[in-house]
Structures are given as C-alpha cells and as structure tokens.
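Worksheet: the structure to be examined is printed underneath.
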Amino acid sequence: MVVPYKHEPFTDFTVEENVKEYKAALDLVKSELGKEYPLIIGGEKVMTEDKTVSENPANRGEVIGYVSKADQELAEKAMQAANKAFESWRKWDPAERANILFRAAAIIRRRKHEFSAWLSYEAGKPWKEADADTAEGIDFLEYYARQMLRLKDGIEINSRPIEHNTFNYIPLGTGITISPWNFAFAIMAGTTVGPVVAGNTILLKPATTTPVVAYKFMEVLMEAGLPAGVVNYIPGSGSVIGDYLVDHPKTRFINFTGSKDVGLRIAQRASVVQEGQIWMKRVIAEMGGKDTIIVDNEADLDLAAEAITYSAFGFSGQKCSACSRAVIHEDVYDVVLEKVVARVKELTVGPTFEDNSNFMGPLNDQAAFDKVMKYIEIGKEEGRLVAGGEGDHSQGYFVKPTVFADVDPEARLMQEEIFGPVVAFAKAKDFDELIKIANNTEYGLTGAVISNNRAHLEQARQDFHVGNLYFNRGCTAAIVGYHPFGGFNMSGTDSKAGGPDYLLHFLQPKTVSETF
Ligand code: NAD
C-alpha cells in the first residue's frame with residue numbers, strides 16, 4: 001500500500017539551519033554555472049553547435065548554462081525515438097511506471113534546495129517562491145503516480161452471465177510538452193510526468209529562458225530508471241520546432257502551458273489534419289489570466305490588503321494566477337487602497353540568488369521588462385499612480401511593485417495580461433457590480449472574494465466565473481491535490497493540473513466484451 005498523498009511541506013527560512021542549507025545549495029549551483037548541456041534523444045546525449053545562452057535575470061551577463069538547441073531534423077529524430085519507446089512503455093505495468101515517479105520524487109526531495117537554488121539563479125526566484133516551485137514539482141510526481149494506481153484497473157462496468165465486459169484506460173501515444181518559464185520546475189515536470197505515468201512518451205520543449213533546470217530534471221528521471229526515449233529533452237525555439245512538432249502527423253497530443261496567443265496558435269494548427277495523420281490531436285492548453293480580488297464592504301480589510309499585496313507581487317506578479325485587478329466596494333475603497341500602498345512601500349526589490357533579503361526578484365528578461373514598463377506608461381494615462389512605477393535594468397530586470405488607483409474596468413490595464421508587478425484598483429457600488437467587473441475579461445483563471453457576508457460568498461460561488469475561486473485569502477498558491485488548477489474561457493482548456501481527473505486527458509478508455 002502506498003501511503004496517502006500529502007503535499008510537500010514548505011521550508012521555514014526563519015530557521016537558521018534551513019538558511020545555511022539553502023546557502024550551501026546556492027554555492028553548489030554557483031560552482032556549476034556556465035556548463036554546456038546536450039539534448040537527450042532516445043537516451044543519447046546530442047551536443048549541438050548552436051546553443052541557447054541561459055542567463056541570470058538578476059545579474060545580466062552571468063551565464064547559467066549553454067544549452068543545445070534542437071532544429072527540425074533533431075526534433076524529427078526525437079519524434080522517432082519517442083514513437084519507438086511508446087511501443088514498449090505503453091505495456092509497462094502502470095504500478096511500475098508509478099514507481100519511477102515515486103523514486104524521482106525521493107531523489108528530488110533529497111536535493112530539494114539544490115533544485116530551488118537553480119530556480120533562484122535561472123528564473124530569479126526569491127527563496128520562498130523557489131522552494132514552493134520545487135515542492136509543487138515533487139507534489140506532481142507523488143500525486144500523479146497515485147492517480148495512475150487508482151486508474152490502472154479501469155472502472156467496473158456491467159457484465160452478463162454469458163458475457164464479460166471490461167473498461168480500461170490506455171495511453172494515447174507520443175505527445176509534446178511545451179512549458180513556460182514562470183514555474184520552470186513544477187509546470188515543466190508536472191506536464192511531463194502526468195502523460196508519462198499514463199503510458200505516453202514525450203518530447204519536452206522547456207521555455208527558452210529556463211532550460212537548465214529542465215535538464216537537471218532529466219538527469220533525475222534517468223537516475224530513477226526511466227527508459228530511454230520515454231522523455232526526450234529538446235529545447236529550442238518555439239516557432240522553429242514548436243510549429244514543426246505541433247504540425248507533425250505523429251503528434252498525438254500537445255500539453256501546453258503559456259500565453260493565450262501561443263496557445264490559440266497551437267490549437268488552430270493542431271486542428272489541421274496532416275497527410276498520414278490518423279487521429280484528431282488533443283490539445284491541452286493552460287493559458288493566461290487577468291485575475292481579480294474583490295473586496296466587499298463587510299470584510300476584514302487587513303486581510304484584504306494582505307491578500308492583494310502578496311497575490312499581486314509574489315514572484316513579481318509573474319504568475320498566471322497573480323492578482324492584477326483589485327475591485328473594491330466604494331465604502332471601503334480608500335481604506336483598502338491606503339493599506340495596500342502602505343504594505344507595498346515596505347516591499348524590497350533586488351537580487352535573490354545570494355541572500356533572502358528581497359521580497360521581489362527580477363523579471364524574466366528584457367522583453368518582460370520592456371512589456372511591463374510599457375504598461376506602466378499606459379497606466380499613467382489610465383489611472384492614478386500611487387506606488388512604484390519605476391524600473392531599472394542596468395544590473396537585472398527590476399521593476400518596483402506598482403499600484404494604479406481609479407482605473408476604469410474597461411481600461412487596458414484592467415483587461416490585458418501584464419505579467420508583472422502591477423495592480424490596478426477599481427471601485428464598485430455594490431456586490432453585484434463587484435462580480436460584474438470581476439467577470440468582465442476574456443479570461444477566467446483565478447479570483448478571490450474577501451467578504452464576511454455568507455450570502456455574498458454563495459453568490460460568488462455561482463457567479464464569479466473562474467476555474468479557481470478562493471474565499472478570504474489571496475488568489476495565488478494553489479497546491480497539487482488540494483486546489484486542482486486551471487481556467488475558463490481564454491485561460492484555457494481547464495485541464496485542472498494537480499486534480500483527480502488530470503490523467504484522463506492523456507488516456508483513452510477501451511471497452512472489451514467477451515462472449516463465453
Ligand atoms: P509563452 O506562450 O511565450 O511560451 C510558452 C512556451 O511556448 C515556451 O516554451 C515557448 O518557447 C513556447 N512557444 C513559443 N512559440 C511557440 C510556437 N509557435 N509553437 C509552440 N510553442 C511555442 O509563455 P511564457 O512567457 O513562457 O509564460 C507566461 C504565460 O504563461 C502567461 O501568459 C501565463 O499566464 C501563462 N501561464 C499559464 C499557466 C496556467 O496554468 N494557466 C501557468 C503558468 C503560466
């Protein structure tokens with residue numbers, strides 16, 4: 001019997017011993033910076049001439065690693081290796097496949113701070129955020145392994161005296177995992193091992209700015225005994241190999257997490273049947289968000305301010321679940337705004353790869369910095385700047401936590417995903433209007449309601465249209481197995497990562513009926 005699932009605990013960095021251990025892990029990672037990394041295709045390491053340079057976003061020019069880049073020819077080779085591996089992997093006992101995930105989780109747990117330290121260097125994550133990212137990756141391994149054990153014998157259906165019927169789940173084939181940089185470990189790992197434990201094989205294309213931590217994960221999978229070709233590591237340009245593999249007739253499914261634009265492009269291309277293709281491709285696409293916290297007039301206003309602040313500025317607002325809209329009842333608007341601004345002024349911004357003193361680290365890269373600064377300019381036209389508004393990219397891509405007040409619900413700042421440390425405040429006259437404004441975007445990922453009014457909470461349960469709705473807390477920090485995660489509308493296909501039916505996206509049920 002496998003012990004029941006429990007999420008991985010978070011590290012308490014007020015404990016001196018933990019700080020010492022994390023610092024040792026940072027030193028270890030520092031000593032490994034600047035290495036070259038190959039692709040891994042069918043278990044073979046392939047070093048290419050052309051490389052992606054992964055840099056520390058908090059310390060421009062510091063190279064995390066030089067990572068080989070797949071082109072279309074190598075992507076084709078990986079597709080063939082994955083197709084070949086599928087023929088045996090699909091027949092493995094699902095319990096043995098699950099054991100590989102359990103073993104990988106154990107290896108990562110032993111090296112937990114090392115993985116987090118890679119995230120502090122490569123993704124600019126503050127310690128607490130990096131620790132949560134690694135914990136979530138471990139959780140995906142533990143949780144999906146158990147989900148496969150639950151599904152492995154299928155579901156009982158009716159039989160008759162002269163007939164025995166079975167209903168079992170079988171895998172789909174070879175899929176492509178395309179992952180984002182913001183949860184460079186957890187999402188990359190989870191969207192790979194979910195399909196894999198279900199018996200599929202994967203071509204893993206991690207985000208261009210965070211390929212090294214994905215390579216480290218590949219090392220763990222190999223150490224845990226994953227057979228060659230089951231996961232093939234092929235970082236490369238999204239447009240070059242991404243399009244090629246999405247279009248490929250042998251691609252059975254695409255497991256994508258990233259922006260709305262890329263997700264929609266993938267969905268559209270995947271719907272075109274190519275020559276030699278004998279199935280409809282499945283597209284799982286978890287995309288962007290424009291997430292709202294609403295605050296009622298009957299509410300704990302300190303809790304509201306705290307929830308808005310950490311949901312908007314944790315990891316510099318670079319979470320799909322980040323609060324970028326705070327919609328407040330007019331009776332308490334000024335007080336909540338004032339409390340948030342007071343808290344924001346206390347937040348520090350700076351490097352997070354040497355110590356734990358800064359609350360916020362850098363943005364992902366120059367493009368992210370430019371985009372956020374552009375929205376800050378737009379915000380100055382659309383609202384009243386009450387905190388932050390400044391950026392500095394001389395050493396790393398740092399932007400101060402920024403608050404705009406009095407923004408129209410239809411303004412660009414309230415409608416478009418900024419993906420940075422910017423939150424816009426809007427006012428509503430009653431609870432109905434709070435809900436109406438919360439729902440007035442094309443997205444539907446997360447949201448939170450701060451209210452002590454039971455009837456209003458129940459109204460929100462029915463009418464606040466988001467995949468992950470939270471009451472009296474912030475709108476970030478979903479935990480695998482506790483808060484299955486995914487969004488409505490343009491936030492994607494609502495596949496609910498870390499949920500009890502996630503693996504079904506990568507399985508097809510087969511009915512067999514035998515007459516005696
Ligand atoms: P992105 O869309 O720019 O990139 C995501 C991945 O797609 C990367 O690996 C990229 O290389 C690849 N890609 C780019 N062009 C491609 C193409 N033509 N074909 C195939 N792949 C291609 O997103 P990002 O900047 O890495 O991540 C941030 C976005 O991800 C935000 O919009 C955020 O909201 C979203 N996100 C959503 C969730 C969720 O669960 N809903 C979780 C994390 C991030």
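Counting starts at 1 for both ligands and their atoms, in listed order.
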Does an N or O from Trp181, backbone or side chain, lie closer than 3.5 Å to an N or O of ligand 1? yes
Which protein non-hydrogen atom lies closest to atom 17 (C) of ligand 1, naming both residue and atom, and how far is it? Gly238 O, 3.3 Å
With the threshold set at 4.0 Å, does a side-chain nitrogen-carboxylate oxygen contact exist between Glu73 and Lys77? no
Are Asp243 and Arg269 within salt-bridge range, i.e. N to O under 4.0 Å? yes
Name the closest protein heavy atom to atom 28 (C) of ligand 1, giving the residue it belongs to and the distance to 0.1 Å. Phe419 CE2, 3.6 Å
Out of Ser495, Ser179, Gly190, Ser321, whose heavy atom sits nearest atom 8 (C) of ligand 1? Ser179
Residue and atom name of the nearest protein heavy atom (relative to atom 27 (O) of ligand 1), distance in Å to one decimal: Pro180 CB, 3.5 Å
For atom 32 (O) of ligand 1, find the nearest protein heavy atom and state the residue, atom name and distance (0.1 Å precision). Glu417 OE1, 2.6 Å
Only heavy atoms of Phe256, strictly under 4.0 Å: list the atoms of ligand 1 that pass. 2 (O), 5 (C), 6 (C), 7 (O)
Counting only non-hydrogen atoms of the protein, does one fall under 4.0 Å from atom 41 (N) of ligand 1? yes
Pro206 and ligand 1 - part of the residue with a heavy-atom distance under 4.0 Å: backbone
Measure from atom 23 (O) of ligand 1 to every heavy atom in Gly492, Ala184, Ser259, Gly263 and give the option owning the shortest one. Ser259
Quick check: Gly258 and ligand 1, any N/O pair under 3.5 Å apart? yes
Can you list the ligand 1 atoms lying under 4.0 Å from a non-hydrogen atom of Asp243? 17 (C), 18 (N), 19 (N)
closest protein heavy atom to atom 11 (O) of ligand 1 is Lys205 NZ, 2.9 Å
Assess whether a salt bridge exists between Glu417 and Lys371, defined as any Lys/Arg side-chain N lying under 4.0 Å from an Asp/Glu carboxylate O. no
Contact check, Phe485 vs ligand 1, heavy-atom distance below 4.0 Å: yes
Is Glu142 salt-bridged to Lys6, cutoff N-O under 4.0 Å? no
Arg265 heavy atoms within 4.0 Å reach ligand 1 at atoms 18 (N)
Atoms of ligand 1 close to Thr257 [distance to a heavy atom under 4.0 angstrom, numbered from 1]: 5 (C), 37 (C), 38 (C), 39 (C), 40 (O), 42 (C), 43 (C)
Are any of the side-chain heavy atoms of Val196 and Trp89 separated by less than 4.5 Å? yes
Note: Arg109-Glu8 ion pair, threshold 4.0 Å (strictly below): yes
Of all the atoms in ligand 1, which lie at a distance below 4.0 Å from a heavy atom belonging to Ile178? 6 (C), 7 (O), 9 (O), 12 (C), 20 (C), 21 (N)
Is any NZ, NE, NH1 or NH2 atom of the basic residue among Glu306 and Arg343 found under 4.0 Å from an Asp or Glu carboxylate oxygen of the other? yes
Could you list the atoms of ligand 1 found under 4.0 angstrom from a heavy atom of Asn182? 43 (C), 44 (C)
If you measure from each non-hydrogen atom of Asn364 to ligand 1, which part falls under 4.0 Å: side chain, backbone, both or neither? neither
Using a strict cut-off of less than 4.0 Å between a Lys/Arg side-chain nitrogen and an Asp/Glu carboxylate oxygen, indicate whether Glu377 and Lys380 qualify as a salt bridge. yes
Ligand 1 versus Ser237: contacting region, heavy-atom distance under 4.0 Å: neither
Ion pair present between Glu390 and Lys400, side-chain N to carboxylate O less than 4.0 angstrom? yes
With the side chain counted from C-beta on, respond yes when Thr208 and Pro235 share a heavy-atom pair under 4.5 Å apart, and no when they do not. no
Taking atom 38 (C) of ligand 1 as the reference point, the nearest protein heavy atom with its distance: Cys320 SG, 3.1 Å
Ile418 versus Ser324: any side-chain heavy-atom pair under 4.5 Å? no
Provide the number and element of each atom of ligand 1 under 4.0 Å from a heavy atom of Ala207. 9 (O)
Run the salt-bridge test on Asp71 and Lys69 with the 4.0 Å N-O cut-off and return the result as yes or no. no
State, with a plain yes or no, whether a side-chain heavy atom of Tyr144 is found less than 4.5 Å away from one of Leu141. no
Report, as yes or no, whether the 6.0 Å neighbourhood of atom CE on Met280 holds more than 12 heavy atoms from other residues, nucleotides or ligands. no
Which atoms of ligand 1 are found less than 4.0 Å from any heavy atom of Gly242? 19 (N), 20 (C)
Taking every non-hydrogen atom, the tightest pair across Gly389 and Ile376: O-CG2, 3.6 Å
One residue to check: Leu245. Relative to ligand 1, which of side chain, backbone, both or neither has a non-hydrogen atom less than 4.0 Å away? neither
Contact check: Met287 vs ligand 1, nitrogen or oxygen atoms, below 3.5 angstrom: yes
